Amino acid sequence: MIIPYDEFCRRADTVRAGIAAACVRAGRKPDEVGLLAVTKNHPPAAAEYAARYGLPAVGENRVQEGVDKRAATTAEVRWELIGHLQSNKAKLAATHFDRIQTVDSEKLLRLLDRAAAEAGKILPVLLQINAGHDPAKFGADLADAPRLLDAALTQSHLKVEGFMTIAPLSDDTSVATRTFTTLRELRDQLAGETGALLPELSMGMSGDYVEAIAAGSTQVRIGTALYGEREPVA
Ligand SMILES: *Cc1c(COP(=O)(O)O)cnc(C)c1O
């Protein structure tokens, strides 16, 4: 089941207005923040809605679901992996996704680099950092980020575009703010040390994108606010 397209449009207009308002409050330009439509648990039509509305990319959190969905639609969007990536799926993910946001180990870096080389492509990636020290979240520890970045920058078939994080679930918005600010500061520090640009900061979801934009997010990943509540996929 999926909501009708006109309802999607109303929701997308609302989200875009929310992003623009958050940008204005933060003294930033609305076009500095991209909107990734999170289509997980929704049918292929969700990607078609995003494309028709003019959104450039969709996010999936499971490799196989994303691969199958992509094969089922001709929607002209980029497909990004935003869920945890297991080693045994690295090759499949490298082949079928346009960017992988969840790289959190040197082992994954090596596997993705090799798979990208075999596929004859340069694969854009983000490094996922557990900036909120959340035991329930994947992502590299903050302390390991410099070494992970150094390793990432030496891979000839990966393009490191920045970082991604997920804030811990909390009723206290200052937790999200602290998490996102930590990631931005890490990026600023490591960009300074390595000379790499690292422009992308993928942070913020339906419930915390305003805090993320205030802290410097360049891409918010929005599912529920665009498509409504997800039904579990069997
Ligand atoms: C599901 C998911 C989102 C979107 O969450 P909503 O709260 O539905 O907007 C964003 N990022 C990741 C990593 C997700 O798994």
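Every number for a ligand or one of its atoms is a count from 1 in the order of the listing. We use all heavy atoms of the structure for the numbers below, so side chains are in, but hydrogens, waters and symmetry mates are not. Note that the numbering runs from 1 along the sequence shown for the chain. Here the structure is a predicted model, which means the values were calculated and not measured.
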Review point. When you look at CD1 of I122, are more than 12 heavy atoms from neighbouring residues, nucleotides or ligands closer to it than 6.0 Å?
Key: yes
Review point. Using the ring of each side chain (for Trp, its six-membered ring), is Y49 parallel, tilted or perpendicular to F8, with breaks at 30° and 60°?
Key: tilted
Point to revise | Heavy-atom closest pair, residues T39 and A46 | key: CG2-CB, 3.7 Å
Check your understanding: Going by the angle between their ring planes, with limits at 30° and 60°, are H84 and F138 parallel, tilted or perpendicular?
Key -> parallel
**Study point:** Contact residues of ligand 1, where a non-hydrogen atom lies under 4.0 Å away
**Key:** V38, K40, I82, M164, I166, M205, S206, R221, I222, G223, T224, R230
Review point. Is any side-chain N of the basic residue among E48 and R52 closer than 4.0 Å to the acidic one's carboxylate O?
Key: no
Point to revise | Nearest non-hydrogen partners of R78 and D98, listed with the distance | key: CA-OD2, 3.3 Å
